[in-house]
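Okay, structure first, notes after.
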Amino acid sequence: HTGTTYYYCSFTRAGKKYKLGEVKNFATTSLTEAQLSTGDATDITFTSAKIQNTSSIASLYPKGTYIQYGIRYGTSKGNMSQTASSALQEENTFTIQLRNLQPGQTYYYCAYVSVDGILLTGETKIFTTLSGNSYLTTEEATDITLTSATLKGKTTLSTLYGSNSSSIQYTIRYSKNSSYLKEQYNYNYSTATPKLSGNDLSASITNLQMSTTYYYCIVAYVDGYYVMGDIKSFTTKSGVDYLKTDNASEITLSSATLTGTTTLASIYPSSTSIQYSIRYATSSSNLSSSYNSSSINVTVNGNTISGTVSNLKSGTTYYYCVT
């Protein structure tokens with residue numbers, strides 16, 4: 001071990017008896033920064049970093065001694081179990097390019113030299129890879145309807161990659177479960193390819209479920225890896241946001257006039273076909289299914305929907321809603 005004092009003596013043995021000579025000691029040389037220096041991490045990206053180290057240890061050993069140079073690293077100081085090696089270069093330097101790192105992750109590392117299998121390590125240092133949140137901003141969803149929404153974001157990755165930024169591929173991930181979005185490859189989320197205008201990203205998504213919360217984030221494929229912006233959420237509209245069921249009127253023994261109002265036309269193109277009706281049943285739970293409820297044709301006058309239901313049972317409570 002470096003920097004350690006050892007004691008030794010000669011001895012003779014006659015049968016089971018030992019005779020010790022004079023006890024002396026020596027101390028191994030302490031490892032100095034001049035002999036092995038861990039360099040600072042440079043050229044840090046989302047998934048890589050470069051570390052240039054120096055070592056003069058080879059000058060302490062005879063030529064032909066097997067010496068290996070490298071970096072030990074990991075996500076905690078007590079577990080730097082990953083290694084990357086390099087040959088010694090000019091001026092006693094050896095440069096390590098760490099790759100396949102995790103974005104936004106802090107790494108501990110130290111230079112090492114292995115001499116005939118004995119490991120010598122330098123000072124432990126740290127660096128943190130770039131985080132997607134620093135360059136990708138997920139913005140609030142807009143134009144939310146019953147089954148669609150516009151998802152937006154911003155990117156400043158061009159400040160890092162310059163002319164190479166055109167090779168970056170952007171997507172927007174969305175899912176009902178936020179944890180799915182963090183997986184690199186997962187069929188439980190959907191994706192949309194956004195339009196890029198300057199630093200602005202935008203995509204319209206359709207075929208969503210009503211009254212449902214979705215989670216989404218901006219994602220960029222860069223350096224052979226996916227990096228993510230922050231995760232946001234939105235909830236699609238429900239029927240009650242656009243359809244209002246009014247109080248019944250002109251109630252008789254067997255009939256009633258049912259009315260309501262609609263603002264659905266305001267969120268769809270004028271060419272969209274919208275069909276209205278009014279469902280009714282003797283139980284409110286049956287209104288969610290057309291098989292368990294009855295419906296009447298209605299007339300639409302502007303935003304007003306109205307219709308008359310007949311052949312009702314006298315003295316009976318009915319539940320109804322505009323659909």
When every non-hydrogen atom of F94 is compared with those of A111, the smallest separation belongs to CZ-CB, 4.0 Å
Q: Test Y276 against L243 for side-chain contact (heavy atoms from CB on, under 4.5 Å), laying out the working first.
A: CA-CA 10 Å; Y276 296 97; L243 298 172; 3.9 Å; yes
Separation between CG (L146) and CD (Q209), nearest 0.5 Å, reads 12.5 Å
Looking only at heavy atoms, the pair that brings L101 and Y73 closest together is CD2-CE1, 4.0 Å
| query | Is a donor on one side and an acceptor on the other found under 3.5 Å between the side chain of T129 and the backbone of G104? | reply | yes
Between Q97 and T95, does the side-chain contact (heavy atoms from CB on, under 4.5 Å) criterion hold? Intermediate values first, please. CA-CA 7 Å; Q97 188 76 36; T95 301; 5.6 Å; no
Scanning both residues in full, the closest heavy-atom pair of A58 with Y69 reads CB-OH, 3.6 Å
(Q) Membership question, hydrophobic clusters at under 4.5 Å side-chain separation (ILVMFWY): are F46 and I51 in the same one? (A) no
Given the options D246, V309, T252, T308, T257 meets side chain to side chain contact (heavy atoms under 4.5 Å, CB included) only with T308
**OP:** Could you tell me whether a side-chain N or O of S37 sits under 3.5 Å from a main-chain N or O of A34, the two making a donor and an acceptor?
**Re:** no
**Asked** Going hydrophobic residue to hydrophobic residue with side-chain gaps under 4.5 angstrom, can you get from L264 over to V298?
**Response** yes
Under 3.5 Å, is there a donor-acceptor pair between the N177 and S175 side chains? no
| When the ring centroid of Y18 is compared with that of F11, is the distance short of 6.0 Å? | yes
Closest non-hydrogen contact found for Y6 with T4 is CD1-O, 3.5 Å
What do the steps show when you test L130 against L160 for side-chain contact (heavy atoms from CB on, under 4.5 Å), and what is the final call? CA-CA 11 Å; L130 299 181; L160 287 179; 3.5 Å; yes
Within 6.0 angstrom of K50 NZ, more than 12 heavy atoms from elsewhere
no
message = Determine whether a donor-acceptor pair (N or O, by modelled atom type, separation under 3.5 Å) exists between the side chain of T138 and the backbone of D230.
response = yes
Of V113, T54, L120, L60, the one forming a side chain to side chain contact (heavy atoms under 4.5 Å, CB included) with Q35 is L60
* Any sub-3.5 Å donor-acceptor pair from T38's side-chain atoms to E123's backbone N or O? -> yes
Minimal heavy-atom distance between S233 and Y215, with the atoms involved, is CB-CD2, 3.6 Å
Closer than 3.5 angstrom, by distance alone: can the side chain of S289 be matched with the main-chain N or O of N286 as a donor-acceptor pair?
no
Just by distance, with hydrogens left out, do S148 and T206 show a side-chain donor and acceptor under 3.5 Å apart? no
Problem - Check: V115 main-chain N/O paired with T65 side-chain donor or acceptor under 3.5 Å - result: no
OG (S81) and CZ (R72) are apart, to the nearest 0.5 Å, by 7.5 Å
| Has the side chain of S59 got a donor or acceptor atom that lies under 3.5 Å from a matching backbone atom of I57? | no
side-chain contact (heavy atoms from CB on, under 4.5 Å) between Y66 and S114, intermediate numbers included
CA-CA 8 Å; Y66 179 71; S114 177; 5.6 Å; no
When rounded to the nearest 0.5 Å, the distance separating CD1 of I305 from CG of L258 is 11.5 Å
The reported gap from OH in Y242 to OG1 in T261 (rounded to nearest 0.5 angstrom) is 13.5 Å
When rounded to the nearest 0.5 Å, the distance separating CZ of F234 from OG1 of T212 is 9.5 Å
Check: In terms of side-chain geometry, is the basic nitrogen of D200 or K152 positioned less than 4.0 Å from the acidic oxygen of its partner?
Finding: no
Problem set entry | Donor-acceptor under 3.5 Å (R173 side chain, Y180 main chain) | no
For this session: Evaluate the side chain to side chain donor-acceptor pair (under 3.5 Å) criterion for residues T45 and S48: first the C-alpha distance (whole Å), next the side-chain angles of each, then the deciding distance (0.1 Å), finally the verdict.
Result: CA-CA 5 Å; T45 71; S48 65; 2.7 Å; yes
- Query: Out of curiosity, does Y107 fall in the hydrophobic cluster containing I71 (side-chain heavy atoms, cut-off under 4.5 Å, transitive links)?
  - Reply: yes
Next item on the list: State yes or no: do I274 and V322 share one hydrophobic cluster built from I, L, V, M, F, W and Y residues joined by side-chain heavy-atom distances below 4.5 Å, directly or via other members?
Entry: yes
Donor-acceptor under 3.5 Å (Y320 side chain, A248 main chain): yes
Tightest non-hydrogen contact, residues A49 and I44, listed as CB-CG1, 4.1 Å
Could you state whether Y189 and Y214 fall into the same hydrophobic cluster, counting links through intermediate Ile, Leu, Val, Met, Phe, Trp or Tyr residues with side-chain heavy atoms under 4.5 angstrom apart?
-> no
Checklist entry - For residues Y170 and T155, is any side-chain donor paired with an opposing acceptor at under 3.5 Å? => result yes
Between the SG atom in C9 and the CG atom in L20, the distance rounded to the nearest 0.5 Å is 4.5 Å
